[in-house]
Amino acid sequence: MNAVARRVWRFFCSVRLALILILVLTGLSVLGALIMQVPPEVKADPADYQWWLNNPARERFGLWAGPLHRLWLFDVFHSPWFLGAGLLLVVNIVVCTLNRWPSVWRSVTQLRVTLPPQLYETGSNRVQLSSPRLSPEQVEAAVQRVLRRHRYRVLRENHPEAIFVAGDKNRHFRLGTYLVHLSIVLFIAAYIIGSTYGFRLNALMVPEGSVREVGQDTGLSLKVLSFVDEYWPEGPPKDYRSEVVLYEAGQEVRRATIRVNHPLRYNGIRFYQAFYGPAVVMEVHDSDDRLVFNDAVALGWVSGKEPFQRPLGLFNLPGSDPGSDTEVYVVGPTSGYADPLLKAGQVRLELYRTGSRTPLAVKTVSQGQPEPLLGYTFTFVREKQFSGFQVSKDPGNLLIWISSGLFVLGMSLVFYFPHRQLWARCWRGERGKTEVVLRTISSRSYAVTSELEGLASELSQALGQGKEA
Amino acid sequence: MAKMEPFMFMAALISLGVSAVFYLWYATRMRRLARQGVVAGGEAAPGETLQAWEPGRFATMMAILGLVFLTLSMTFRWVATGHGPFSNMYEYSQAWSWGIVAALLYFQRRYRFKVLGALVVPVAVFFLLYAYSLPSRALPLVPALQQSLLLTIHVAVAMIAYGTFAIAFGTAVLYLFQRRDRVSWLPSSGLLDDLGYRAIIVGFPLMTLTIVLGALWADIAWGRYWGWDPKETASLVAWLIYGGYLHARLVAGWRGTRSSILLLVGFAAVLFTYFGNYFLGGLHSYA
């Protein structure tokens with residue numbers, strides 16, 4: 001059992017596993033970038049998703065749509081493969097860092113002053129100098145001066161056969177790796193907090209002059225006083241902005257202008273200017289001439305194929321008993337083309353029993369002319385615009401920025417303040433000369449080797465003579 | 001001043017073109033001198049009087065001049081449009097070119113070897129030619145891009161990061177030629193390996209910063225910090241590859257050939273990210 005546990009542990013602390021997982025995540029991400037992904041709000045509704053698979057996906061991928069769906073390739077970033085590999089990578093990171101903790105902590109807290117004797121005599125990261133004039137104590141002082149000049153911390157021990165010196169610098173910054181990996185775990189935690197306790201509405205459409213509830217148990221509703229879209233002389237959009245009033249439980253709590261890059265924030269809930277479109281004000285009277293509907297309808301969807309894509313919206317007329325509601329679809333004319341079906345100033349009304357796909361009645365109505373239809377009288381009063389908002393609440397948001405900051409900080413400490421260790425031994429050698437050996441033990445690192453060479457040449461200048469290998 | 005911008009651009013293009021030619025000339029001359037046994041180890045040639053140094057020095061001077069012209073061209077554009085010159089492919093390409101030349105000059109000065117320019121300056125020239133082929137007219141910014149501070153920092157940091165990745169790419173290519181230390185006119189494989197690493201430890205944090213700033217901006221403009229937009233995803237891929245390179249090197253002790261290949265793959269991912277908006281679509285498709 002113990003052996004199995006150790007094997008599992010070793011499996012998870014291998015860097016090879018990390019590289020393989022990164023490769024898998026990379027491959028999946030490339031697929032996700034290349035293959036059309038299903039929008040999250042479509043995926044959330046099984047009927048919408050089915051429609052999406054049968055229409056846009058089928059058009060693009062034909063017979064491949066089915067297999068791609070089954071392999072989750074239309075939703076790569078929520079697929080078991082992607083989440084599984086991500087989870088394994090997190091476990092891998094945690095196990096790896098824990099596994100390395102004892103040795104890292106030792107190297108941070110403990111600096112042995114002496115190395116095993118043979119290390120002073122052989123090896124590549126080693127420089128030997130000698131001085132005929134100076135005593136071992138004077139040479140040691142020179143070594144200390146050079147190390148201190150380079151911000152090394154210096155320890156020494158006096159042994160009968162030699163003086164031993166050890167120096168290190170930036171030892172605490174080695175812990176930066178822990179900051180980096182902790183921040184990744186925090187980041188993922190923040191992501192999970194955000195997607196569990198937050199929400200996101202992609203399309204809250206509010207016509208000018210109308211109020212719409214936000215829902216999601218917020219008790220908030222948003223009124224758009226006016227919406228403005230401006231364009232540059234060259235054509236591209238310049239500014240979209242909405243003047244809004246925010247109500248909480250019916251009470252006005254905020255008045256603001258929402259524009260792109262300038263969301264409205266209220267109690268952790270944020271409103272973003274996202275899109276806009278046409279709206280029509282409709283009045284509906286019933287057979288007793290009572291006003292049963294008087295509001296603007298946002299035409300926020302489209303129906304039909306290019307070039308005759310028509311803006312579409314809907315509203316509900318409550319029936320006398322449950323289940324007898326009437327859905328009224330309002331279709332506006334195509335913009336930019338002469339629409340053979342609808343002229344400017346006209347809309348088409350399609351009435352459906354809720355849940356049914358066959359229309360009860362269809363009629364084209366002109367602005368300002370009341371039209372009887374199915375016992376009601378419909379009046380298309382005037383055109384307006386609606387403003388579309390994204391609304392989101394993300395309690396993990398602050399943690400996201402904290403962990404990002406920690407990541408960059410930790411990484412900078414590790415890279416720009418590298419941990420360095422160096423050992424020296426000074427002793428009186430043959431013919432009264434003082435010998436000194438400088439030694440590092442990092443393997444095959446050009447940076448360490450060149451630092452050693454730099455220190456050695458400074459020392460050799462301090463000793464007032466050239467170096468001897 | 002806006003009228004000066006195209007002249008500065010052409011001056012930069014010409015300077016860097018000449019610089020590239022001289023770097024290549026320098027490299028071939030180094031090679032010939034090495035055959036004759038005059039130089040060894042790339043950076044270790046003695047005497048500044050050696051003829052090989054002349055084209056090298058001239059190449060560097062032209063590169064510096066090119067950088068100055070590029071800076072002026074971008075500054076004029078900045079003044080004329082009122083926002084950082086980082087809002088379409090023409091401007092990105094110019095900025096990347098700037099990043100490449102700046103990174104080259106920095107590392108060349110620190111590591112004292114110039115052959116790298118023969119590989120890297122042509123890349124910078126390529127991006128300038130590419131920019132030249134694009135419509136240079138500065139279109140006004142769509143609302144989402146009207147965040148002057150974030151636009152400037154997000155893209156400027158990205159282009160410096162990309163510049164250092166180009167350096168890492170160049171050293172990885174040189175390393176693969178030099179992996180057995182048989183090419184006497186190139187620096188030692190150890191130095192090349194280390195230089196690639198140095199470039200990445202400058203570029204990787206900057207790329208991280210780019211992604212974080214981009215996320216911050218996305219949070220302000222689109223209401224989410226991450227949305228698997230194709231460009232976001234592609235940059236994450238490149239980031240993961242370089243992250244893998246750093247781990248392979250620092251933890252698993254990968255050096256040399258294997259880590260150089262990771263650098264080549266990483267640069268391919270960077271190019272994919274850069275040109276991705278042409279075929280990936282998504283919210284970053286401004287060009």
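Throughout, protein chains are lettered first and strands after them, A, B, ... in sequence-line order, and every chain is numbered starting at 1. Quantities reported herein were computed from a predicted structural model and do not represent experimental measurements.
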Heavy-atom pairs under 4.5 Å with chain A, option from [options] with the top count:
| options | value |
| --- | --- |
| B/Ile241, B/Val212, B/Val265 | B/Val212 |
| B/Leu250, B/Ile201, B/Leu236, B/Leu246 | B/Ile201 |
| B/Ala238, B/Gly256, B/Pro205 | B/Pro205 |
| B/Leu240, B/Leu262, B/Asp219, B/Leu216 | B/Asp219 |

Heavy-atom cut-off 4.5 Å, strictly under: side chain, backbone, both or neither for [X] against chain A?
| X | answer |
| --- | --- |
| B/Leu150 | neither |
| B/Ile211 | neither |
| B/Ala215 | both |

Output the option from [options] having the highest count of non-hydrogen pairs under 4.5 Å with chain B.
| options | value |
| --- | --- |
| A/Leu25, A/Val408, A/Asp239, A/Ile400 | A/Ile400 |
| A/Ser450, A/Pro233, A/Gly405, A/Pro237 | A/Pro237 |
| A/Val76, A/Val260, A/Val414 | A/Val260 |
| A/Phe271, A/Tyr191, A/Tyr231 | A/Tyr191 |

| task | Answer yes or no: is there a side-chain heavy-atom contact under 4.5 Å between A/Asn261 and B/Trp217? | result | yes
| request: Check whether any side-chain heavy atom of B/Trp228 lies under 4.5 Å from a side-chain heavy atom of A/Asp75, and answer yes or no. | output: no
How close do [X] and [Y] get, counting heavy atoms only, and between which atoms?
| X | Y | value |
| --- | --- | --- |
| B/Gly223 | A/Ser392 | O-OG, 3.6 Å |
| B/Phe272 | A/Leu34 | CZ-CD2, 4.1 Å |
| A/Ile22 | B/Gly244 | CD1-CA, 4.0 Å |
| A/Arg200 | B/Trp222 | NH2-O, 3.7 Å |
| B/Ile220 | A/Tyr272 | O-CE2, 3.1 Å |

| query | For chain A, which residues from residues 160-169 of chain B have at least one heavy atom closer than 4.5 Å to it? | reply | none
Checking heavy atoms, do the side chain of [X], its backbone, both or neither come under 4.5 Å from chain B?
| X | answer |
| --- | --- |
| A/Arg259 | neither |
| A/Ala447 | both |
| A/Tyr416 | side chain |

| Between A/Asp394 and B/Arg224, is there a side-chain N and carboxylate O pair less than 4.0 Å apart? | no
| message | List the residues meeting side-chain hydrogen bond (donor to acceptor under 3.5 Å, both in side chains) with B/Tyr245, not counting sequence neighbours, and say none if there are none. | response | none
| task | Please name all residues satisfying side-chain hydrogen bond (donor to acceptor under 3.5 Å, both in side chains) with B/His83, sequence neighbours left out, ordered by chain then number. | result | none
| query | Is the distance between the ring centroids of A/Phe187 and B/Trp226 under 6.0 Å? | reply | no
| message | For A/Phe407 and B/Trp239, take the angle between the two ring planes, folded into 0 to 90°, and tell me which bin it lands in: parallel under 30, tilted 30 to 60, perpendicular over 60. | response | tilted
| Contacts of B/Pro85 that satisfy side-chain contact (heavy atoms from CB on, under 4.5 Å) - sequence neighbours left out | B/Met74, B/Arg77, B/Trp78, B/Glu91
